[in-house]
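The figures here come from the full heavy-atom set of this structure, side chains too, leaving out hydrogens, waters and symmetry mates. We count residues from 1, following the sequence as given.
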Amino acid sequence: MNKFKHFLGIDVSKEYFDAVLILNGAKEKPIHNQFANDSKGVKTLNQWLKKQGATNQQTLVCLEHTGMYGKLIIKYLMGFNYSLWVEMSLKIIRSMGLQRGKNDKIDAERIAVYAMKNQQEAIIYKAPSRTVEKIRNLMSLREKLILTKASLIRNSKEMKSLDPEVSKLSDKFQKQTIKGITSDLKQIEKQLDLFIKEDENLSKIYSQAISVPGVGKVTTLYLICFTNEFTTYSTPRQLACYAGVVPFEHTSGKSIRLRPKVHHMANKKLKKQLHMCALSAVNHDPEMKEYFKRKVQEEKNKMLVINNVRNKIVHRICACIRDNKTFEVRKSA
């Protein structure tokens with residue numbers, strides 16, 4: 001038996017959002033309305049839904065991942081006790097097949113139809129804790145500062161070989177900027193440590209994940225943020241798929257026999273971090289080092305073996321979280 005009777009699709013943009021409501025499982029014509037993307041607009045949406053008879057207990061609200069533009073909508077609708085499904089835009093697009101025409105109203109209706117047809121697969125959104133939200137924002141800022149610093153240093157080095165005089169002038173004016181960024185990065189690291197220490201549950205999860213050989217602070221914090229403290233994925237394989245470290249078979253009939261490869265739909269940031277973890281593990285973890293050496297001697301592709309190590313690391317982390325303990329290195333016989 002389906003839990004929901006009404007389905008609301010929301011297409012979000014910076015200044016406003018379009019909402020299309022399907023009442024009573026498509027027995028009535030979809031209703032469209034547009035609201036300002038601010039607190040007043042979301043409150044007006046709630047009043048409009050009540051007027052249409054769409055109670056929060058019987059209505060499934062679906063919207064796409066839109067980053068910061070959807071945050072306010074999610075915050076208020078969760079406060080109004082609606083069930084929210086925040087879905088990948090690509091999954092919604094591909095589920096619709098061939099489509100002609102596009103505007104915000106049509107997109108909102110397509111999202112509502114998607115929610116109605118796939119309600120059994122709906123993953124109800126769970127808001128991250130305030131600490132995780134703060135860590136996520138700091139990690140984003142940290143990444144931007146690192147990229148800015150690297151860009152300034154790289155440009156200076158390139159300019160030195162082309163025009164030393166201009167390079168000196170450039171160094172003079174960006175010296176304080178680089179120094180300031182370095183200082184800010186140190187302060188961010190201290191604040192991240194403080195956030196981890198202050199949250200008991202977060203501190204426990206962090207200690208368990210970082211205990212896995214090869215896994216560092218940045219990877220652990222990204223995992224915590226992207227998985228909402230390891231609550232988003234129910235199995236290690238699901239998380240590994242999300243991180244793009246699970247190879248899939250590519251065959252068709254008798255003629256097509258491609259080697260297994262990972263899917264391009266993955267969290268590239270997490271995949272990159274796990275790659276660095278894998279490289280560290282095959283150099284410093286005796287078990288992974290032996291595994292890598294053995295597989296290479298069997299003439300396995302090195303990148304395939306590295307990917308297998310990434311996969312093993314994900315499974316190790318998930319096992320530690322599941323069993324509520326830190327990783328224990330196996331003692332050699």
Side-chain angles (χ1 to χ4, degrees), residues 135 139 142-143 146-147 150 154 189 192-193 196 203-252 256-333:
I135 289 174
M139 291 295 287
R142 176 185 178 275
E143 184 181 10
I146 288 173
L147 289 173
R154 183 175 60 252
E189 294 295 333
L192 287 170
D193 290 337
I196 294 165
S203 180
K204 181 187 71 173
I205 293 172
Y206 177 84
S207 299
Q208 292 165 353
I210 205 170
S211 68
V212 175
V215 180
K217 176 181 177 180
V218 174
T219 303
T220 303
L221 290 178
Y222 273 134
L223 278 166
I224 287 170
C225 291
F226 289 131
T227 64
N228 199 6
E229 298 181 70
F230 292 91
T231 61
T232 310
Y233 299 95
S234 55
T235 66
R237 182 174 173 81
Q238 285 180 349
L239 177 54
C241 287
Y242 172 70
V245 298
V246 176
F248 293 93
E249 183 181 3
H250 282 72
T251 62
S252 180
I256 299 176
R257 289 288 186 274
L258 300 178
R259 66 181 178 84
K261 57 183 180 180
V262 297
H263 200 276
H264 70 278
M265 280 177 59
N267 186 315
K268 303 294 192 300
K269 195 176 293 183
L270 201 51
K271 185 177 180 180
K272 179 183 176 182
Q273 289 299 135
L274 287 169
H275 182 74
M276 301 305 293
C277 293
L279 293 178
S280 176
V282 298
N283 281 304
H284 303 290
D285 177 16
E287 188 178 340
M288 289 298 187
K289 194 173 185 177
E290 175 59 31
Y291 170 80
F292 181 79
K293 184 179 177 182
R294 185 175 75 252
K295 290 299 178 181
V296 171
Q297 287 175 346
E298 292 172 6
E299 298 185 353
K300 299 289 185 182
N301 181 281
K302 285 187 178 181
M303 282 308 299
L304 175 63
V305 181
I306 288 292
N307 187 69
N308 290 345
V309 173
R310 291 188 294 195
N311 203 329
K312 286 176 180 288
I313 287 172
V314 171
H315 278 71
R316 282 180 169 186
I317 293 170
C318 290
C320 289
I321 303 300
R322 180 196 65 214
D323 298 337
N324 195 25
K325 64 179 184 180
T326 55
F327 184 81
E328 296 177 5
V329 180
R330 294 178 186 175
K331 295 181 179 179
S332 56

- [ ] Applying side-chain contact (heavy atoms from CB on, under 4.5 Å), run through T232 and Q238 and close with a yes or a no.
- [x] CA-CA 9 Å; T232 310; Q238 285 180 349; over 6 Å; no

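- Applying the ring pair (Phe, Tyr, Trp, His ring centres under 6.0 Å) criterion to F292, with sequence neighbours excluded, gives no partner residue.
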Sequence neighbours left out, cut at 3.5 Å: what donor-acceptor pairs do the side chains of residues 316-323 make with other protein atoms?
{"unit_1": "R316", "atom_1": "NH1", "unit_2": "D285", "atom_2": "OD2", "d": "2.9"}
{"unit_1": "R316", "atom_1": "NH2", "unit_2": "E287", "atom_2": "OE1", "d": "3.2"}

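- We find the NE2-CE distance between H275 and M303 to be 5.0 Å, quoted to the nearest 0.5 Å.
- Taken to the nearest 0.5 Å, the CG atom of L223 stands 5.0 Å off from the CG atom of L270.
- Taking the side chain as every heavy atom from C-beta outward, V296 and K300 never approach each other to under 4.5 Å.
- Note that OG1 of T220 is 11.0 Å distant from CD of Q208, once rounded to the nearest 0.5 Å.
- When all heavy atoms of G244 and N307 are compared, the closest pair comes out as O-OD1, 4.1 Å.
- Contact of the F230 side chain with the L239 side chain is registered, since non-hydrogen atoms from C-beta on lie closer than 4.5 Å.
- With hydrogens and angles ignored, the 3.5 Å screen pairs no side-chain donor or acceptor of S280 with any backbone N or O of M276.
- E189 is listed as a side-chain neighbour of K217, based on a closest heavy-atom distance under 4.5 Å.
- Few gaps surround CE on M139; more than 12 heavy atoms of other groups in view lie less than 6.0 Å from it.
- The closest side-chain heavy-atom distance from I135 to I224 is not below 4.5 Å.
- Side-chain N or O atoms of N228 include none that pairs as donor or acceptor with a backbone N or O of T231 at under 3.5 Å.
- Listed by chain and residue number, Y242 satisfy the ring pair (Phe, Tyr, Trp, His ring centres under 6.0 Å) test with Y233 (two or more places apart in sequence, or in another chain).
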- [ ] Using the side-chain contact (heavy atoms from CB on, under 4.5 Å) rule, take V218 and Q273 through it: C-alpha gap first, then chi angles, then the decisive distance, then the call.
- [x] CA-CA 8 Å; V218 174; Q273 289 299 135; 3.7 Å; yes

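- The two atoms that bring S211 and F327 nearest to each other are OG-N, 2.8 Å, heavy atoms only.
- Here CG of L279 is found 8.5 Å from CZ of R310. Values are rounded to the nearest 0.5 Å.
- In this model, a donor atom of one side chain and an acceptor atom of the other lie less than 3.5 Å apart for N308 and Y291.
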Open item on the list: Could you walk me through whether I210 and T326 satisfy the side-chain contact (heavy atoms from CB on, under 4.5 Å) test, starting with their C-alpha distance in whole Å, then the side-chain angles of each, then the deciding distance to 0.1 Å, before giving a yes or no?
Closed with: CA-CA 8 Å; I210 205 170; T326 55; over 6 Å; no

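- The two residues V215 and C277 come nearest to each other via the heavy atoms CA-SG, 3.9 Å.
- Rounding to the nearest 0.5 Å gives a distance of 7.5 Å between NE2 of H315 and CZ of R237.
- Between atom CZ of residue R142 and atom CG of residue L192 there is a gap of 8.0 Å, rounded to the nearest 0.5 Å.
- For K293 and E290, the salt-bridge test fails: no basic side-chain N is under 4.0 Å from an acidic carboxylate O.
- Annotation for E298: atom CD counts as buried by contact number, over 12 foreign heavy atoms lying within 6.0 Å.
- Side chains of M288 and K312 form a contact here, defined as non-hydrogen atoms less than 4.5 Å apart.
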